[in-house]
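What follows is a set of notes on a single structure, which appears directly below.
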Amino acid sequence: MLRALRSSSTTILPEPPQPQAFLSTIHPHIDPSQTKCTTPKPFPYTSTLPTLLQPISDQNPPPHLSYAPLFQFLTGQNFLKLGQQIHAHMTLHGLQPNAFLGAKMVAMYASSGDLESAVTVFRKIKDPTSLLYNSIIRAYTNNGYPLKTIDIYREMHSLRLKGDNFTFPFVLKSCANVLDVWMGECVHGQSLRFGLELDAYVGTSLIDFYVKVGELRDANKVFDLMTVRAVSSWNALIAGYMKEGEIRVAEDLFRGMPCRNIVSWTSMISGYTQNGLAEEALSLFDEMLKEDSEVKPNWVTIMSVLPACAHSASFERGRRINEYVNRIGLESNPSVQTALIAMYAKCGSLVNARCCFDRILENEKNLCAWNTMITAYASHGQGLESVSTFENMVRAGVYPDAITFTGLLSGCSHSGIVEFGLRYFNSMQTKYCVEPRHEHYACVVDLLARAGRLVEAKEFIKKIPMQPGPSIWGALLAACRKSRNLEIAEIAAKELFVLEPENSCNYILLSNMYAEAGMWKEVDKLRARLKCEGIKKNPGCSWIEIKGKAHLFLSGDLSHPQSKEIYNLLEALPEKIKAAGYIPNTSFVLHDISEEEKEQNLIIHSEKLAIAFGLLNTNPEVVIRITKNLQICGDCHTVIKFISKIYEREIVARDVNRFHHFRDGACSCGDYW
C-alpha cells in the first residue's frame with residue numbers, strides 16, 4: 001500500500017472520496033462483535049468505530065489529530081486493510097503524520113504484521129520523539145528482531161532522546177534474547193540515571209534480563225532493592241532459581257509471595273519437571289486441582305506437568321490429566337495434544353499417543369506434532385510406522401528438520417530396516433536441505449552396527465566430517481557385544497575411556513564381553529581400574545506404578561513390604577517356564593561361579609521383581625508397565641516373553657533405549673534390539 005503511494009507521489013492526486021462513500025467502503029470490514037475497545041480507555045477511545053470515523057468524514061480537510069484515535073483503535077485488532085484505507089484517506093488529503101500520529105500508525109501496522117510499513121512510516125517522520133522511538137522499539141521486539149531493537153535504541157540514545165518505562169523493558173528483553181550482557185548493563189545504568197530503578201516494569205525486566213544471561217546474583221540485588229514488587233518480579237526470580245537448580249530457594253520465594261498467579265504456579269511446576277523432580281511437579285499440580293484453589297491450571301501448566309508423567313512413567317496420572325484436559329475444553333488445542341502424544345508414548349501407550357495425534361486437525365498438525373509422532377514410533381521400535389508417518393508429513397506439505405531425521409533414523413535402526421535408513425540419511429542434504437548433525441551420524445553408526453555390519457560402521461566413522469563423540473563410539477561398542485566382536489569393541493572402548501572417563505557403563509560393557517569370553521584377568525584389570533579411579537557403577541533398578549504410586553526395586557531387593565510374596569512367585573517361575581521351553585541364559589551372570597548359582601542370580605534381577613509385583617497386584621486385563629534405568633537384561637527379555645504367555649498378560653517394558661511390548665510369548669522388537 002505504502003509503496004503504491006510512494007510511487008504515485010509525482011502524479012496528480014485524485015479527488016478525496018466523499019464522507020458517506022468513505023464510510024460505506026469501511027463498514028463492510030467492521031466486525032460488529034469488535035466495534036468497541038476491549039480495554040477501557042479515556043474518551044474518545046471508548047466510542048464505536050463509526051463515531052471515531054465521523055470527524056474525518058464530516059470535515060474537509062479533516063483535523064490532523066482526528067486520525068490518532070482511529071489508528072489506536074485498530075492496533076491489535078488485525079484490521080490491516082482498514083488501517084491502510086484510513087492511511088490512504090489521510091494521504092489523499094495531503095496530510096503527513098507528525099511524531100505523535102506516526103507512533104500510533106507504527107503501532108497499528110506492527111500489530112497487524114506489516115512491519116515493513118511500520119518502519120517506512122517511522123523513517124518519514126522529520127522530528128522524532130521518545131514516543132515514536134518507543135513504538136518502533138516495541139514493534140521490532142514483538143516481531144522477533146532483537147538486534148534491530150538494540151540498534152534503534154542506540155540511535156535513540158545518540159539523538160539524546162530520553163528513554164522511559166516503556167523503552168527499557170523492550171530493550172532489556174532484546175538484550176536477554178541475544179545474551180548481550182554489556183548492552184543490558186548499559187540500559188540498567190540508564191534506568192538508574194533517569195530514576196526508574198524502582199519502577200515495577202523496569203525492575204521486573206531487569207530481573208528477567210539478569211536471569212536469562214545467568215547473572216542470578218544481580219537479579220537478586222535488583223529484587224531486593226524494589227520497594228513495590230509486582231507478581232511478575234517474583235515469578236522472574238523463581239524461574240531464575242529453578243533454572244540454576246536452586247530448588248529450595250525457589251520454594252521459599254514461592255511460599256513467601258503475597259499473592260500468586262497462574263505464572264507463579266506454572267513456573268514452579270515447570271522448574272520441578274526440568275530438574276527431574278517429577279513427584280513434586282505432580283503434587284503441586286494436584287494442589288491446583290483442589291476445590292479451594294484460587295488458581296486453576298491452564299494449557300501452559302498442563303504442558304509443563306505432562307513431561308513429569310513421562311519422566312516417571314506415571315501412566316495413570318497422565319491419563320487423569322488427559323481427562324481434565326477434556327473437561328476444560330482443551331481437547332482441540334494442538335499444543336496440548338502434542339504434549340499428550342509425547343507423554344503417552346513415553347509411558348508405553350502407542351495407542352493413546354496415536355489417538356491424540358488423530359485428534360489434531362490436519363491443517364493444524366505442525367512440524368512439532370509430526371516429529372513427536374515419528375519419534376514415538378521410533379522409541380517403540382516401529383520403524384515402518386515412523387517411515388509411513390514421515391511420508392504422510394511430507395505429502396501434507398510439512399518439511400522435515402534435524403529433529404525429524406533423528407527420530408526417523410532411530411526408528412530405522414531399531415527395526416533393522418537398514419536400506420531405508422541409509423536412503424533417508426543420504427537424502428537429508430540433497431532433497432530436504434537439512435545438514436546432518438552429530439546425532440544423525442550416531443544413528444547411522446547404530447543402524448549399521450546393530451545389523452552386524454561392524455566393519456562398515458567403523459569405516460563410516462572415519463568419514464564423519466567432525467570429531468566423533470561418545471554417542472557414536474557408544475553405539476559401536478553396544479553393538480559389538482551382540483556380535484561378540486572384541487577387536488572392534490576394544491577400539492570403541494579406548495575412545496570412550498578418553499571422551500567420558502567417568503562413565504562406568506563403558507567399562508562394565510567391555511568387562512562383560514571379557515567375562516563372556518572367559519577372559520577373567522582382563523575383567524579383573526577393568527574392575528581394578530574402576531576402583532582405583534573411584535568410578536562407581538550405576539545400580540540397575542526397575543519401577544512400576546500401581547494405583548498412582550511408584551514401587552522401585554533393585555536387584556536382589558528385600559526391602560519391599562511384599563518381598564515374601566514376590567520371591568515365592570519367582571521361585572516357582574523357573575519350573576513353569578522351563579516346561580514351556582525356557583533355557584536360562586547364564587552368560588548374563590558375569591561372575592566366576594557355578595551354573596546353579598548363576599541361575600539363582602538371574603531370578604532376582606530388578607525387572608523380574610517389578611513384574612512379579614505387578615502380577616500380584618493387578619487384575620488380568622490390566623497392562624503391566626515397568627521401567628528400567630539401564631538396558632533390559634537379555635535373559636529377562638526371554639523370561640518376560642514366557643511370562644506373557646503363561647499368565648496371559650500384556651507387559652510393556654521401557655529401558656534406557658526403547659520400549660518392548662510383550663504379548664502371547666512374543667515381543668514387538670522381534671528380538672532385534
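Because the structure is predicted, anything quoted here is derived from the model rather than measured. Excluded from the calculations below are hydrogen atoms, water molecules and symmetry mates; all remaining heavy atoms, backbone and side chain alike, are included.
No donor-acceptor contact under 3.5 angstrom links the side chains of Gln337 and Glu331, judged on distance only. No hydrogens or angles considered: a donor-acceptor pair under 3.5 Å links the side chains of Thr404 and Asn371. Side-chain contact check for Ser174 and Asn177: no donor-acceptor pair (N or O, by modelled atom type) lies under 3.5 Å. Using modelled atom types and a 3.5 Å distance limit, the side chains of Ser112 and Asn78 yield no donor-acceptor pair. For the residue pair Tyr133 / Glu155, a side-chain donor-acceptor distance below 3.5 Å is found, with atom types taken as modelled. When only modelled atom types and interatomic distance are considered, Thr338 and Thr372 share no side-chain donor-acceptor pair under 3.5 Å. Using a 3.5 Å distance cut-off with no hydrogens or angles, the side chains of Thr141 and Thr149 do pair a donor with an acceptor. There is no side-chain donor-acceptor pair under 3.5 Å between His87 and Tyr67. For the 3.5 Å distance criterion, the side chains of Asp164 and Asn134 qualify, holding a donor opposite an acceptor. In this model, a donor atom of one side chain and an acceptor atom of the other lie less than 3.5 Å apart for Thr406 and His440.
Surrounding NZ of Lys243 are more than 12 heavy atoms belonging to other residues, nucleotides or ligands, all under 6.0 Å away. Residue Arg317 qualifies as enclosed at atom CZ: its count of foreign heavy atoms under 6.0 Å is above 12. Dense packing is recorded around NZ of Lys296, with more than 12 heavy atoms of other residues, nucleotides or ligands lying under 6.0 Å away. A 6.0 Å sphere centred on NE2 of His157 holds no more than 12 heavy atoms belonging to other residues, nucleotides or ligands.
In this structure, the side chain of Asp114 does not engage the main chain of Leu80 through any donor-acceptor pair within 3.5 Å. Between the side chain of Thr273 and the backbone N or O of Ser304 there is at least one donor-acceptor pair closer than 3.5 Å. The backbone N or O of Glu385 sits nowhere less than 3.5 Å from a side-chain atom of Ser388 that would complete a donor-acceptor pair. Side-chain atoms of Arg229 come within 3.5 Å of backbone atoms of Phe223 as a donor-acceptor pair (strictly under, hydrogens ignored).
Under the salt bridge (charged side-chain N to carboxylate O under 4.0 Å, His left out) criterion, Arg319 pairs with Glu316, Glu323, sequence neighbours left out. For Tyr432, the ring pair (Phe, Tyr, Trp, His ring centres under 6.0 Å) test picks out Phe390, Phe405, with sequence neighbours left out. For Ser130, the side-chain contact (heavy atoms from CB on, under 4.5 Å) criterion is met by Met156, Leu161, not counting sequence neighbours. Annotation: salt bridge (charged side-chain N to carboxylate O under 4.0 Å, His left out) contacts of Arg437 (sequence neighbours excluded): Glu439. With sequence neighbours left out, Asn322 forms a side chain to side chain donor-acceptor pair (under 3.5 Å) with Tyr344.
Residues Lys346 and His311 have side chains not in contact (no heavy-atom distance under 4.5 Å, counting atoms from C-beta outward). Met257 places a side-chain heavy atom less than 4.5 Å from the side chain of Ile238. The closest side-chain heavy-atom distance from Ile269 to Met288 is below 4.5 Å. Cys186 has its side chain within reach of Trp182: a pair of non-hydrogen atoms, C-beta onward, lies under 4.5 Å apart. Contact annotation: the side chain of Tyr324 never approaches that of Leu330 to less than 4.5 Å [non-hydrogen atoms, C-beta and beyond]. At a threshold of 4.5 Å between non-hydrogen side-chain atoms, the residues Gln274 and Ser270 count as touching. In this structure, the side chains of Tyr153 and Gln190 come closer than 4.5 Å at one or more pairs of heavy atoms. In this structure, Thr129 and Phe100 have side chains that are not in contact, with every pair of non-hydrogen atoms separated by 4.5 Å or more.
A distance of 12.5 Å separates CD1 in Ile262 from CD in Glu294, rounded to the nearest 0.5 Å. In this structure, OH on Tyr140 lies 11.0 Å from OG on Ser135, to the nearest 0.5 angstrom.
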| Asp151 and Arg154: salt bridge (charged side-chain N to carboxylate O under 4.0 Å, His left out), yes or no, with the steps? | CA-CA 5 Å; Asp151 288 342; Arg154 285 197 180 100; 3.4 Å; yes

**Report entry** Working for side chain to side chain contact (heavy atoms under 4.5 Å, CB included), residues Arg354 and Ile341
**Finding:** CA-CA 7 Å; Arg354 181 71 205 200; Ile341 295 168; over 6 Å; no

Ile86 vs Leu74, test: side chain to side chain contact (heavy atoms under 4.5 Å, CB included). Steps then yes/no. CA-CA 10 Å; Ile86 295 171; Leu74 296 175; 3.7 Å; yes

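The side-chain tip of Lys365 points at the ring of Phe357 from less than 6.0 angstrom away and within 45° of straight on.
We find that Glu362 and Arg395 are not joined by a salt bridge, their nearest charged nitrogen and carboxylate oxygen being 4.0 Å or further apart. Checked for salt-bridge contact, Lys290 and Glu287 miss the test: no charged N lies under 4.0 Å from a carboxylate O.
Screening residues 208-220 for side-chain hydrogen bond (donor to acceptor under 3.5 Å, both in side chains), with sequence neighbours left out, gives His188-Tyr210, Asp208-Lys212, Asn220-Asp224, Asn220-Tyr241.
Taking the six-membered ring for Trp and the full ring otherwise, Phe166 and Tyr201 have centroids separated by 6.0 Å or more. Taking the ring centroids of Trp234 and Phe254, they lie at or beyond the 6.0 Å cut-off.
Smallest separation of non-hydrogen atoms from Lys104 and Thr75: O-OG1, 4.1 Å. Of all the heavy atoms in Ala376 and Ala345, the pair that sits closest is CB-CB, 3.5 Å.
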